[in-house]
Amino acid sequence: MPAQDQLDAFYMARAIYLAKKGLYTTDPNPRVGCVLVKDGRIIGEGWHKQAGLPHAEVEALNNTTEDTNGATAYVTLEPCSHHGRTPPCCETLVKAGIKRVVAAMQDPNPKVSGNGFACLKAAGIEVSCGVLEEDARVLNRGFIMRMTENRPFVRSKLAMSLDGRTAMASGESQWITSPEARADVHRLRAESSAILTGINTVLADDPSLTARIDKEVVQPIRVVLDSHLQIPTNAKMLGLTGRTIILTCKQSNAVCPELVEGHKDKLQKLQNVGAEVYQLPEKQGRLDLAEVMKFLAGQEINEVLVEAGAVLNGALLAENLMDEWVIYMAAKILGDQGRGLFHLPGLDKLSGSKEMKFKDVRRVGQDIKIIGALR
């Protein structure tokens, strides 16, 4: 690798490290880091901390120790070129006298994509792109997916026994896994824009769905799929700060006007206790999951963590709407009457089985953590 390429990779690795500092706080914006280098020395660095606050490039410029004229800016994402909550970063870099910009990747946002680079080149600034691109893409895979596919990145957290059971037949499941694994789950929650669950889980466990970690975190939005609006108005999550979204099916009065009227009354009561209730199209009597994902993208949700039972996990798997699974496997045996991970009633032949590839396997406390995706 040529000397300049090695230096570019070195400084970009530092910029990606800085971008990760915004892992729990930048939603709905991407995580971005910036390093300013002059005469072989870092003279300033910064990262985007929260939506509405300065972008990484501005943070780095504000933290410089000397004149930036002639410096190189290493940034993990193409500098923005549009007026949003903050001014365009490409114009700020031009005014600062930056002579070269090295970016990990082009911004997938249609408002920006390529325009930031064009602005810089028009001002006579040398532009390079693609340094440690894969690392940068992983860091913002949810933002990229929302911008390019109009849906969030979706992963499911599952805790199971050695024999593949998530709970006893009675529903008892606390706790299958170790305290270390449960702490790891809270970090997953903190990384996520939203936590998605189904009404059966709410009725069985009355979860809070909050991220409890010892770092600053923007709490994920709580999303409940509740096709027939069964959620109690005193559910624990409805009394918490932050957003709780309840998605239910659109009701038709063609068959039973009384049922529709009761639906409207329940909807109003939920709104009175702080819930946001939205009616989406149905599919075979349940919420259309593809429409759910489009809706969540419209809410600027980048990453969804699913914490649900076998029915919802099975439905998402069947419709190929799951991008990744995080499975914690405990060295316990729950027996053949225990509950499984996925409800897939139409799967009765080995030829139709779903095959997963392992992306990572490691030990967490006394448990095994497996990260996988469909082949």
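Residue numbers run from 1 in the order of the sequence given. All values derive from a computational prediction rather than experimental measurement.
Residues Leu120 and Val112 do not share a hydrophobic cluster, defined by chaining ILVMFWY side chains whose heavy atoms lie under 4.5 Å apart. Using a 4.5 Å cut-off between side-chain heavy atoms of Ile, Leu, Val, Met, Phe, Trp and Tyr, with links allowed through other members, Tyr278 and Val304 fall into the same hydrophobic cluster. Residues Ile195 and Leu238 share a hydrophobic cluster, clusters being chains of Ile/Leu/Val/Met/Phe/Trp/Tyr side chains in contact below 4.5 Å. Both Leu312 and Ile245 sit in one connected hydrophobic cluster of ILVMFWY residues. Membership requires side-chain heavy atoms under 4.5 Å apart, directly or through other members. Two different hydrophobic clusters hold Leu23 and Val218 under the rule that ILVMFWY side chains link at heavy-atom gaps under 4.5 Å.
The shortest heavy-atom contact between Ala71 and Ile43 is CB-CD1, 4.2 Å. For the residue pair Ala104 and Ala136, the shortest heavy atom distance occurs at CB-CB, 3.5 Å. When all heavy atoms are compared, the tightest approach of Met237 to Thr244 is O-OG1, 3.4 Å. In plain terms, the two heavy atoms of Phe117 and Glu78 that are nearest each other are N-OE2, 3.1 Å. A pairwise comparison of heavy atoms in Ile231 and Asp226 identifies N-OD2, 2.9 Å as the closest pair. For the residue pair Pro28 and Glu300, the shortest heavy atom distance occurs at CB-O, 3.2 Å.
Here the CG-NZ distance, from Asp265 to Lys269, works out to 6.5 Å after rounding to the nearest 0.5 Å. A distance of 4.5 Å separates CG of Leu229 from OG1 of Thr248, quoted to the nearest 0.5 Å. The CE atom of Met293 sits 5.5 Å away from the CG atom of Leu196 when rounded to the nearest 0.5 Å. Note that CG of Asn302 is 8.0 Å distant from CG of Asn140, once rounded to the nearest 0.5 Å. In this structure, the separation between OG on Ser192 and CD1 on Ile221 is 11.5 Å, given to the nearest 0.5 Å. Rounding to the nearest 0.5 angstrom, the gap separating the NE2 atom in His48 from the OG1 atom in Thr25 is 7.5 Å.
Side-chain atoms of Met147 and Pro110, non-hydrogen and from C-beta on, do get closer than 4.5 Å to each other. A 4.5 Å side-chain heavy-atom check between Leu36 and Cys34 finds at least one atom pair inside the cut-off. The shortest distance between side-chain heavy atoms of Leu317 and Leu374 falls below 4.5 Å. Between Leu18 and Val35, some side-chain heavy-atom pair lies under the 4.5 Å cut-off. The shortest side-chain heavy-atom distance between Leu321 and Val154 does not fall under the 4.5 Å cut-off. Residues Val223 and Thr197 fail the side-chain proximity criterion, which asks for heavy atoms closer than 4.5 Å. Between Glu324 and Arg141 the shortest side-chain heavy-atom distance falls below 4.5 Å. Put simply, the side chain of Met12 reaches to within 4.5 Å of the side chain of Thr76, judged on heavy atoms.
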Original post:
Run the side-chain contact (heavy atoms from CB on, under 4.5 Å) check on Lys264 and Leu267 step by step: do they pass?
Top reply: CA-CA 5 Å; Lys264 290 180 179 178; Leu267 189 151; 5.5 Å; no

Subject >> side-chain contact (heavy atoms from CB on, under 4.5 Å) assessment of Ile371 paired with Phe358 >> reply: CA-CA 6 Å; Ile371 300 177; Phe358 290 163; over 6 Å; no

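A donor-acceptor contact shorter than 3.5 Å links the side chain of Asp367 to the backbone of Ser178. In this structure, Ser113 contributes its side chain and Asn109 its backbone to no donor-acceptor pair below 3.5 Å. A donor-acceptor pair under 3.5 Å links the side-chain atoms of Ser227 to the main chain of Leu287, judged by distance alone. Between the side chain of Asp288 and the main chain of Ala290, a donor-acceptor pair closer than 3.5 Å is present. Checking side-chain atoms of Thr64 against main-chain N and O of Ala60 turns up no donor-acceptor pair under 3.5 Å. Here the side chain of Ser161 pairs a donor or acceptor atom with the backbone of Arg165 at under 3.5 angstrom. Checked by atom type and distance alone, the side chain of Lys38 pairs as donor or acceptor with a backbone atom of Asn69 at under 3.5 Å.
Partners of Ala190 under the side chain to side chain contact (heavy atoms under 4.5 Å, CB included) rule, at least two apart in sequence or in another chain, are Tyr24, Ala211, Ile213, Val217. Under the side-chain hydrogen bond (donor to acceptor under 3.5 Å, both in side chains) criterion, Arg182 pairs with no residue at all, not counting sequence neighbours. Partners of Glu180 according to the salt bridge (Lys or Arg N to Asp or Glu O under 4.0 Å) rule, which considers only residues two or more places apart in sequence or in another chain, do not exist here. For Glu355, the side-chain hydrogen bond (donor to acceptor under 3.5 Å, both in side chains) criterion is met by Arg375, not counting sequence neighbours. In terms of the salt bridge (Lys or Arg N to Asp or Glu O under 4.0 Å) criterion, Glu134 has no residue partners (sequence neighbours excluded). Listed by chain and residue number, Arg212 satisfy the side-chain hydrogen bond (donor to acceptor under 3.5 Å, both in side chains) test with Thr210 (two or more places apart in sequence, or in another chain). Remark: Val58 engages Pro54, Asn62, Cys89, Thr92 in a side chain to side chain contact (heavy atoms under 4.5 Å, CB included) (not counting sequence neighbours). Considering only residues two or more places apart in sequence or on other chains, Tyr11 meets the ring pair (Phe, Tyr, Trp, His ring centres under 6.0 Å) condition with Tyr74.
Sorted by first then second residue, the salt bridge (charged side-chain N to carboxylate O under 4.0 Å, His left out) pairs that include residues 22-35, not counting sequence neighbours, are Arg31-Glu303. Sorted by first then second residue, the salt bridge (charged side-chain N to carboxylate O under 4.0 Å, His left out) pairs that include residues 185-194, not counting sequence neighbours, are Arg155-Glu191, Asp184-Arg187, Arg189-Glu307. Residue pairs meeting the salt bridge (charged side-chain N to carboxylate O under 4.0 Å, His left out) criterion with at least one member in residues 44-69, sequence neighbours excluded: Arg14-Glu45, Arg41-Glu66, Lys49-Glu59.
Crowding of Lys215 atom NZ: a count of heavy atoms from other residues, nucleotides or ligands under 6.0 Å not exceeding 12. The neighbour count for Glu216 CD, taken as heavy atoms of other residues, nucleotides or ligands under 6.0 Å away, does not exceed 12. More than 12 non-hydrogen atoms from other residues, nucleotides or ligands lie less than 6.0 angstrom from CD of Gln50.
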Distance-only check: which donor-acceptor pairs under 3.5 Å involve side-chain atoms of residues 94-103, not counting sequence neighbours?
residue: Arg100; atom: NE; partner: Glu126; partner atom: OE2; Å: 3.4
residue: Arg100; atom: NH1; partner: Asp8; partner atom: OD1; Å: 3.2
residue: Arg100; atom: NH2; partner: Asp8; partner atom: OD2; Å: 2.8

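In this model, a donor atom of one side chain and an acceptor atom of the other lie less than 3.5 Å apart for Ser156 and Asn313. In this model, no donor atom of one side chain and acceptor atom of the other lie less than 3.5 Å apart for Gln219 and Arg243.
Asp323 and Arg151 are joined by a salt bridge, as a carboxylate oxygen and a charged side-chain nitrogen come within less than 4.0 angstrom of each other. Ion pair Arg362/Asp360 flagged as a salt bridge, since at least one NZ, NE, NH1 or NH2 atom sits closer than 4.0 Å to an Asp/Glu carboxylate oxygen.
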